Undergrad: 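Handing you this structure, nothing more for now.
Predicted model only: the values in this text are computed from it and were never measured.
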Amino acid sequence: MAILALDIGATKFAAGVVGPGPEVLEVRRVDVPDAGVWEACRELLLAVAGAEPVGAVGIGAAGPVDVRAGVTGPLNIPEWKAGFPVVAAVRELFPAATIRFAIDGACLALAEHRLGALRGVPDALAMTVSSGIGGGIVAGGKVLLGRTGNAGHVGHIVVPGWDTPCGCGGRGCVEAIASGMSSVRWAREQGWSGGTGARLAADAHAGDEIAVAALHRAGTALGTAIASAAALLDVDRVVIGGGFAQSGAPLWDPLRAAVDAHAGLNFLHGLRVEPSAITEGATLVGAGVLATDEPV
């Protein structure tokens, strides 16, 4: 029987067949539409499954989530923002399958801990910096879920010095300042003419002043939030994945400078912040681990 992995992102859905390892094979992606969101996700899953019976599905979803109820409510998917029962919907599609569900940050942490940069590390934080910002916590060698499944949702750490409105209803959240979408929005408000995080990074490397400022702003906010999270969790390793995290020195240099400036407590000396070792689809890889392993 086939085992499937599904990544519900803010702007894209990805799904694939889980192989041994567990690699995720035959990966397909689709943009999240403005309407008919479940229909697009459903067609993607059916296309990946083909004619094979499905025995298990691992789902990693942008949050916030309620793992107990099987509901996700991504802030950047308006049709689902009030909460969509994704586990029930997938179970209706594959009635004989075991369905396992976690927030995308927990899937990232699971992937890194089992297969990536956090192998053998008992206490750590894994972050994804992409269209949004999320994270997952490894403590005592286990990935923590928390009461509702949102443990490690670091995108809503409030960063001092900013008052930027966030989709959660708060102000100054690191996601509202430093995510790819937020950085593009800020750069466009300053007169930049591009439209994607990848283009913003490329323009920063080329010396465009607005792009450089946007990535410096994002990196500084990220590093400040990371120092706070590391102090709260008592970890000495932070791994960051996601597409926007691959922006290179214009993002990472101010990020590391902010970590150095704020992680001054003795127990944070030696704090390591490094890129993910899984350069493609870490959440999907984690959903594959989730589908084939014991629940986190």
Undergrad: Got a second to check how far Arg114's CZ is from Thr292's OG1, nearest 0.5 Å?
TA: 8.5 Å

Undergrad: Check whether any side-chain heavy atom of Leu271 lies under 4.5 Å from a side-chain heavy atom of Val259, and answer yes or no.
TA: yes

Undergrad: Same cluster or not: Leu222 versus Ile177, using hydrophobic residues (I, L, V, M, F, W, Y) connected whenever any side-chain heavy atoms lie under 4.5 Å apart?
TA: yes

Undergrad: Under 4.5 Å between any side-chain heavy atoms of Val17 and Val24, yes or no?
TA: no

Undergrad: Nearest 0.5 Å please: distance from the CD1 atom of Ile137 over to the CG atom of Leu144.
TA: 5.5 Å

Undergrad: Quick check: closest heavy atoms across Ala126 and Leu118, and the distance to 0.1 Å?
TA: CB-CD1, 4.3 Å

Undergrad: Between Ile59 and Ile99, is there a side-chain heavy-atom distance shorter than 4.5 Å?
TA: yes

Undergrad: Counting neighbours of CD on Glu92 that are heavy atoms of other residues, nucleotides or ligands and sit closer than 6.0 Å, is the number greater than 12?
TA: no

Undergrad: State plainly whether one hydrophobic cluster holds both Val71 and Val86, where clusters connect Ile, Leu, Val, Met, Phe, Trp and Tyr through side-chain heavy atoms under 4.5 angstrom apart.
TA: no

Undergrad: Treating Arg119 as the side-chain partner and Gly116 as the backbone partner, does any N or O pair qualify as donor plus acceptor under 3.5 Å?
TA: yes

Undergrad: Tell me, do Pro64 and Leu75 make a side-chain contact under 4.5 Å, heavy atoms counted?
TA: yes

Undergrad: Decide yes or no for Ile240 and Ser276: does some side-chain heavy atom of the first lie under 4.5 Å from some side-chain heavy atom of the second?
TA: no

Undergrad: State whether the side chain of Asp208 and the backbone N or O of Ile210 hold a donor-acceptor pair below 3.5 Å, judged by distance alone.
TA: yes

Undergrad: I would like to know whether Val285 and Leu115 meet side chain to side chain contact (heavy atoms under 4.5 Å, CB included); could you show each step before the answer?
TA: CA-CA 9 Å; Val285 171; Leu115 305 168; 3.6 Å; yes

Undergrad: Could you state whether Val273 and Leu108 fall into the same hydrophobic cluster, counting links through intermediate Ile, Leu, Val, Met, Phe, Trp or Tyr residues with side-chain heavy atoms under 4.5 angstrom apart?
TA: no

Undergrad: For side chain to side chain contact (heavy atoms under 4.5 Å, CB included), just list the numbers for Leu290 and Leu110, CA-CA rounded to whole Å, side-chain angles, deciding distance to a tenth of an Å, and then say yes or no.
TA: CA-CA 8 Å; Leu290 188 68; Leu110 189 60; 4.1 Å; yes

Undergrad: Which heavy atom of Gly242 sits nearest a heavy atom of Ser130, and at what distance?
TA: CA-CB, 4.3 Å

Undergrad: Does a side-chain heavy-atom distance below 4.5 Å link Thr164 with Trp186?
TA: no

Undergrad: Measure from the side-chain N and O atoms of His153 to the backbone N and O of Gly105, and report whether any donor-acceptor pair falls under 3.5 Å.
TA: no

Undergrad: Run the side chain to side chain contact (heavy atoms under 4.5 Å, CB included) check on Cys173 and Ile157 step by step: do they pass?
TA: CA-CA 5 Å; Cys173 297; Ile157 291 176; over 6 Å; no

Undergrad: Test side chain to side chain contact (heavy atoms under 4.5 Å, CB included) on Leu45 and Phe94 and set out the steps.
TA: CA-CA 10 Å; Leu45 283 168; Phe94 306 117; 4.2 Å; yes

Undergrad: Which value, rounded to the nearest 0.5 Å, describes the distance between Arg237 atom CZ and Glu112 atom CD?
TA: 10.5 Å

Undergrad: Going hydrophobic residue to hydrophobic residue with side-chain gaps under 4.5 angstrom, can you get from Val235 over to Val138?
TA: no

Undergrad: Any non-hydrogen side-chain atom of Asn76 less than 4.5 Å from a side-chain atom of Thr11?
TA: no

Undergrad: Any idea which heavy atoms bring Arg256 and Pro275 closest together, and the distance?
TA: NH2-CD, 4.1 Å

Undergrad: Taking C-beta and beyond as the side chain, do Trp192 and Val184 meet within less than 4.5 Å on heavy atoms?
TA: yes

Undergrad: Is a salt bridge present between Arg199 and Asp203, judged by a nitrogen-to-oxygen distance below 4.0 Å?
TA: yes

Undergrad: Say you draw a straight line from NE2 of His156 to CG of Asn150; how long is it, rounded to the nearest 0.5 Å?
TA: 9.5 Å

Undergrad: Please name the pair of heavy atoms, one in Pro254 and one in Leu215, separated by the smallest distance, quoted to 0.1 Å.
TA: CG-O, 4.1 Å

Undergrad: Calculate, to the nearest 0.5 Å, the distance between atoms CD1 and CG belonging to Ile226 and Leu125 respectively.
TA: 7.5 Å

Undergrad: Can you name the nearest heavy-atom pair linking Glu175 to Ser179, along with the distance?
TA: O-OG, 3.0 Å

Undergrad: Answer yes or no: does atom CZ of Arg28 have more than 12 heavy-atom neighbours from other residues, nucleotides or ligands under 6.0 Å?
TA: no

Undergrad: Give me the atom names and distance for the closest heavy-atom approach of Ala56 to Ala291.
TA: CB-O, 3.9 Å

Undergrad: Hey, could you give me the CH2/CD distance between Trp252 and Glu274, rounded to the nearest 0.5 Å?
TA: 8.0 Å

Undergrad: Going only through I, L, V, M, F, W and Y residues with side-chain contacts under 4.5 Å, is there a path from Leu265 to Val238?
TA: no

Undergrad: Is the backbone of Arg217 close enough, under 3.5 Å, to the side chain of Thr220 for a donor and an acceptor to pair up by distance?
TA: no

Undergrad: For Asp163, does the CG atom have more than 12 heavy-atom neighbours from other residues, nucleotides or ligands under 6.0 Å away?
TA: yes

Undergrad: Has Arg42 got more than 12 heavy atoms of other residues, nucleotides or ligands less than 6.0 Å from its CZ?
TA: no

